[in-house]
Every structure is written in structure tokens, then in C-alpha cells.
Amino acid sequence: NMALKSGTNSFHGNVFEFLRNEKLDANAFFSNRSGVKKRALRYNIFGGTLGGPIVRNKHFFFLDYQGTRQISSGPATASLALPDYRAGNLSRFPQFIRDPQATGNCSSADRAACFPNNVIPQSRIVNPAARALFADQRLYPLPNNVGTGAIGVTNNYISSSSTFLFNDQADAKIDSRLSDKDNVSGRFTIARYRSGPKTVAVPIFLAGGTDAPTTGGVINWTRVINPTIVNEARIGYNRAFISNVTLDPAGLLGKDGNQKLGIAGGQVIAGASSIALGDGMSGVGSGASDSDTVDNTFQYGDNLTIQRNRHTFKMGFQLLRYQQNRFYAGNNGVLGLFRFTGDYTGSAYADFLLSLMRSKGRGDLTGKWGHRQSRVGIFFQDDYKLRPNLTLNLGLRWEYTQPVYEVADRQSNVDLINGRQLVAGKDGNSRALYAAYGRQFMPRIGLAWTPPVMNNRLVVRAGYGITSYMEGTGATLRLPLTP
């Protein structure tokens with residue numbers, strides 16, 4: 001639905017450059033208050049346009065390009081374990097740390113089951129990830145700032161981080177007057193977007209990057225049948241690819257990052273699993289909920305406009321074919337995660353030292369599933385000029401949305417009555433595993449009225465409509481992942 005300029009009988013063009021950097025920016029209020037310097041910023045938007053005739057009065061072209069380059073860097077903070085905490089001395093913690101191997105109570109009245117003075121013996125610190133982290137200050141450095149909060153860890157490490165964003169987009173359009181009654185135009189669009197981290201505050205931190213190339217085009221034919229009847233036909237295609245990946249900017253972990261932390265099992269991407277240290281300390285690693293999505297959309301539409309006396313009739317239809325090939329690692333991610341919540345000792349960090357997990361999980365890096373769907377819509381509308389100062393808009397739209405199916409029937413559902421698994425395309429089941437809905441009637445009504453007051457400078461508008469939409473299209477709500 002984008003609108004793009006057309007060329008004319010004269011050559012016209014322009015070039016532009018937009019520059020923004022930290023020297024031209026004011027610092028944020030709270031950053032000023034805390035004495036934090038502005039983040040460095042290099043932000044450029046540049047491009048140009050060119051349009052003109054191919055054959056005068058008949059064929060025209062228009063080109064445009066816009067590029068974006070943004071690099072931002074500056075101070076970043078983290079909350080890291082103090083040296084005493086790494087050795088198991090949690091005497092500054094406000095809660096009593098329970099010894100899971102002891103019996104009895106752990107409270108202010110009875111500390112029989114508490115670690116004496118909240119100190120965990122180093123022999124009891126058995127979490128291999130904790131031992132590996134605390135032994136390698138390249139991965140997990142010592143605090144370099146006075147922290148705040150109850151246990152003095154909040155923002156106790158000051159470092160820097162940086163990100164980048166690159167985007168390039170170009171359009172090419174051709175307009176042709178084939179005759180006095182026929183106009184044809186075509187547009188081709190290409191865009192290439194990338195963003196991600198350059199550096200992170202702590203080497204053990206991971207960050208997400210995005211690669212999103214898009215390509216599309218449309219051909220439009222407008223035919224003036226007679227002075228009161230005009231038809232417009234349009235065919236279009238769009239391909240959008242979005243890849244969200246987890247990156248290891250520091251490069252110290254690599255594809256054996258978990259092994260370096262003593263976590264068993266292989267891994268398919270660089271980095272390390274997400275580990276929640278708890279008690280206000282920054283987590284490390286990442287679950288890496290990576291995804292790849294490729295959408296192909298084919299569209300055809302035709303609109304007919306007829307003007308009769310006080311009526312302007314508009315009618316038409318749209319056909320859409322939708323293809324999506326997608327991979328999603330799941331909420332647990334390709335690298336997985338480990339959660340420590342304090343269920344055993346009353347302190348999530350103490351649970352981490354003792355390797356007493358609440359839960360763990362891991363997704364997988366697999367091939368894509370392929371979803372397919374067709375949609376059709378038909379509409380009719382009458383703009384009726386009932387009086388010179390009153391216009392009614394009356395319309396009705398009907399749509400059919402085909403149930404989404406998987407190209408190789410790799411999905412299943414569950415019968416909520418008997419608990420039986422329903423496999424797509426088998427035992428009499430449909431490929432989509434849910435029924436179509438064919439009664440998507442969507443009425444529209446509106447009015448525009450100019451009352452005879454205020455010298456006709458007041459306009460009253462009102463409208464009502466019913467619109468349907470498809471629910472449950474998120475990755476984790478789709479049947480290949482979640483029956």
C-alpha cells in the first residue's frame with residue numbers, strides 16, 4: 001500500500017544527508033544527575049532520487065535510494081558478584097541462608113539449619129559454572145565500582161558497549177501511458193537491514209543481532225472504460241526474510257563455551273547457556289531463542305468504480321497466497337537456560353553456588369517448517385450523496401481465510417475431549433487440524449454531515465464496522481511447535 005512518486009517529462013532529482021551525533025545531542029536528565037556521560041553516536045541518513053522521461057508523454061521512470069548508518073557506544077553497567085560472594089561468604093545478605101543438607105529450622109529464632117554466619121564452605125561450591133566463571137576474570141571480571149543495593153552489587157561494574165544498525169533501501173518505478181484509457185505502472189523495491197552488537201559490557205554477555213532483507217514488486221493497470229467507469233487491477237509479490245541470531249561479540253566463548261563452563265553436552269552456535277545468578281546480580285550467557293522466518297506473499301486484486309448520479313459504487317476482490325517457512329528455537333533457546341530461584345536455600349545466588357537448580361531447558365536448531373494459506377476477500381461499497389451536505393457510506397466485505405496447513409503435515413493437535421493426539425492428514429484428520437470459518441461478513445456504515453451552522457465550517461463524521469482477524473499466529477502458538 002505504499003505510494004511512490006512518478007517521473008515526469010522533466011528530469012528532477014535530489015540528494016540529501018542527515019547527520020546526528022552526540023555533540024549535537026543533550027544528555028538525558030538522569031544521566032546528567034548521575035554523572036554519566038552521553039553515549040557516543042554516529043547517525044547518518046543519506047540518499048537521493050532521480051526521475052524523468054524515457055519517452056516523453058508516454059513512459060517515465062523514478063528511482064530512489066536511502067541508506068542508514070548508526071553506531072552507538074558508551075558507558076554500560078553490570079552487577080557482578082563481589083570477591084567474598086564468589087568465595088561463599090554471604091554474610092552481607094539480609095536473609096538467612098539455609099543449608100539444604102541440615103535438618104531443623106532456619107530463622108532468627110532457630111538457626112540450626114542455617115549456614116553459620118551465612119558462609120558457604122568452599123568445598124560445598126560445586127557448581128562447575130560458578131567455579132569456571134570465578135576462575136577466569138577475562139570472562140567474568142571483578143567489580144570496579146562501588147555498588148548499591150542491599151548487598152552492594154547493583155551497577156558495581158562500569159564498562160562500555162556499542163551497537164550498529166545498517167539499512168539500505170531502493171525503489172525503481174516505471175509508468176507508461178499505453179493509450180488515453182490505459183495506464184500501467186510497475187515498482188520494484190529492495191531493502192537490506194542489519195543490526196546487532198559490536199561490543200558488550202562483560203565478555204560473558206551475549207547479544208542479539210538481526211538480518212532482514214526484503215524484496216518486492218507490484219504491477220498496476222488502470223483502465224478507463226468510460227467517463228463513469230474505471231477499473232484497476234494489481235498484482236504483487238513480497239519476500240521478507242528475518243533472521244534473529246544470538247552473537248558472542250567478545251569472541252571468548254566460541255562453540256565450546258558451555259564446555260568451558262563445565263556444562264555437559266555440545267552446542268551448535270557460539271556462546272554459553274543462560275544462567276540466572278539471582279539476588280540482583282546480572283545473569284550470564286543467553287538462552288538464544290533464535291529464529292529464521294521467510295515470508296512469500298503473492299497478491300492479486302481488482303477494483304471497479306462506477307459513478308451513477310448521486311452514487312459512487314466501488315466493488316472488487318483480492319486474492320492472497322501466503323507462504324511462510326520458519327524456524328524457531330523455542331522459548332528455552334538453542335543454548336538453553338538454567339534457573340536458580342532460592343527454593344532450596346532462600347537465596348537464588350546460594351542455590352547457584354550449590355548447583356541446586358529450579359529448572360532447566362533447551363530448544364534445538366532444526367530445519368524450517370512450511371505453512372501455507374490462501375485468502376480471498378470480496379467487497380461492495382456505495383458512497384451515496386443523499387444531500388449536498390450529507391453523504392452516507394454503506395459497504396459489506398466478506399472474507400475467507402483458509403486454515404493454515406504444513407507442507408509435509410508435520411503438525412498435530414490434541415482432542416480436548418478424549419486427550420487423543422490428532423496428526424495432520426491421518427485418520428480422517430484435515431491437514432490444518434481445525435475447521436474453516438466461512439461467515440466472515442463485515443458490514444461498514446459511515447456518514448459525513450455538514451450542518452448549516454458556522455458558515456459550513458463544521459463537519460460531523462461517524463462510522464461503524466466489524467473486522468475479523470486471525471488469532472494465534474505467533475511461533476509458539478502454531479501447531480508444529482505447540483499442539
Side-chain angles (χ1 to χ4, degrees), residues 34 77-137 139-158 201-202 204-205 258 260-265 272-287 331-333 335-362:
S34 303
T77 60
S79 302
L80 306 181
L82 297 174
D84 285 349
Y85 302 164
R86 304 179 187 208
N89 184 351
L90 311 183
S91 56
R92 289 184 59 181
F93 280 46
Q95 69 268 46
F96 297 109
I97 308 300
R98 179 182 178 86
D99 184 349
Q101 296 181 2
T103 58
N105 297 320
C106 181
S107 65
S108 58
D110 184 359
R111 303 185 186 180
C114 297
F115 281 106
N117 300 317
N118 276 4
V119 176
I120 300 174
Q122 291 200 22
S123 61
R124 296 280 300 277
I125 301 176
V126 295
N127 190 330
R131 290 179 174 272
L133 280 177
F134 301 155
D136 189 349
Q137 293 186 22
L139 284 177
Y140 194 77
L142 290 170
N144 60 7
N145 186 45
V146 177
T148 60
I151 59 174
V153 298
T154 302
N155 298 333
N156 64 1
Y157 185 77
I158 298 177
V202 181
I204 193 65
F205 288 1
N258 276 347
K260 292 174 181 174
L261 297 182
I263 300 173
S273 300
S274 172
I275 303 175
L277 275 63
D279 287 286
M281 297 176 216
S282 302
V284 301
S286 173
N331 293 342
N332 292 333
L335 292 173
L337 49 85
F338 298 88
R339 294 189 181 96
F340 300 89
T341 57
D343 289 357
Y344 299 93
T345 64
S347 162
Y349 179 74
D351 283 4
F352 165 69
L353 294 179
L354 298 172
S355 198
L356 299 173
M357 283 181 295
R358 169 65 184 272
S359 63
K360 62 181 178 179
R362 181 175 173 178

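- Put simply, the side chain of Leu353 does not reach to within 4.5 Å of the side chain of Asn127, judged on heavy atoms.
- Annotation: side chain of Tyr157 is not in contact with side chain of Ser282 (no heavy-atom distance under 4.5 Å).
- The heavy-atom pair separating Ala102 from Ala112 by the smallest distance is CB-O, 4.3 Å.
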> Is there a side chain to side chain donor-acceptor pair (under 3.5 Å) between Asp351 and Thr345 once you walk through the steps?
Replying inline: CA-CA 6 Å; Asp351 283 4; Thr345 64; 2.7 Å; yes

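- The aromatic rings of Phe93 and Tyr85 stand perpendicular to each other, their planes meeting at an angle above 60°, with 30° marking the opposite boundary.
- Around atom CZ of Arg339, no more than 12 heavy atoms belonging to other residues, nucleotides or ligands sit under 6.0 Å away.
- Between Phe352 and Phe340, the ring-plane angle classifies as perpendicular under the 30° and 60° cut-offs.
- Side-chain contact between Phe115 and Pro121 is present, with heavy atoms from C-beta onward closer than 4.5 Å.
- Counting heavy atoms from C-beta outward, Arg86 and Leu142 have side chains that approach closer than 4.5 Å.
- Among residues two or more places apart in sequence or in another chain, the side chain to side chain contact (heavy atoms under 4.5 Å, CB included) test is passed with Val126 by Ser355.
- Looking at Leu354 and Gln101, their side chains never come closer than 4.5 Å, going by heavy atoms from C-beta outward.
- For the atom pair CG (Asn155) and OG (Ser79), the distance works out to 5.0 Å, reported to the nearest 0.5 Å.
- In terms of heavy atoms, Asp279 sits closest to Ile151 at O-CD1, 3.3 Å.
- For Asn144, the CG atom is densely surrounded, since the number of other residues' heavy atoms within 6.0 Å is greater than 12.
- The neighbour count for Arg358 CZ, taken as heavy atoms of other residues, nucleotides or ligands under 6.0 Å away, does not exceed 12.
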> Given the rule in the side-chain contact (heavy atoms from CB on, under 4.5 Å) test, do Ile263 and Ile275 qualify, once you have shown the distances and angles that lead to the verdict?
Replying inline: CA-CA 11 Å; Ile263 300 173; Ile275 303 175; 4.1 Å; yes

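- Under 4.0 Å is where a charged nitrogen must lie from a carboxylate oxygen, and between Lys260 and Asp136 no such pair does.
- Of all non-hydrogen atoms in Ile120 and Ala350, the two that sit nearest each other are CD1-CB, 3.9 Å.
- Summarising the geometry, atom CG belonging to Asn117 is positioned 10.5 Å from atom CZ belonging to Phe96; distances are rounded to the nearest 0.5 Å.
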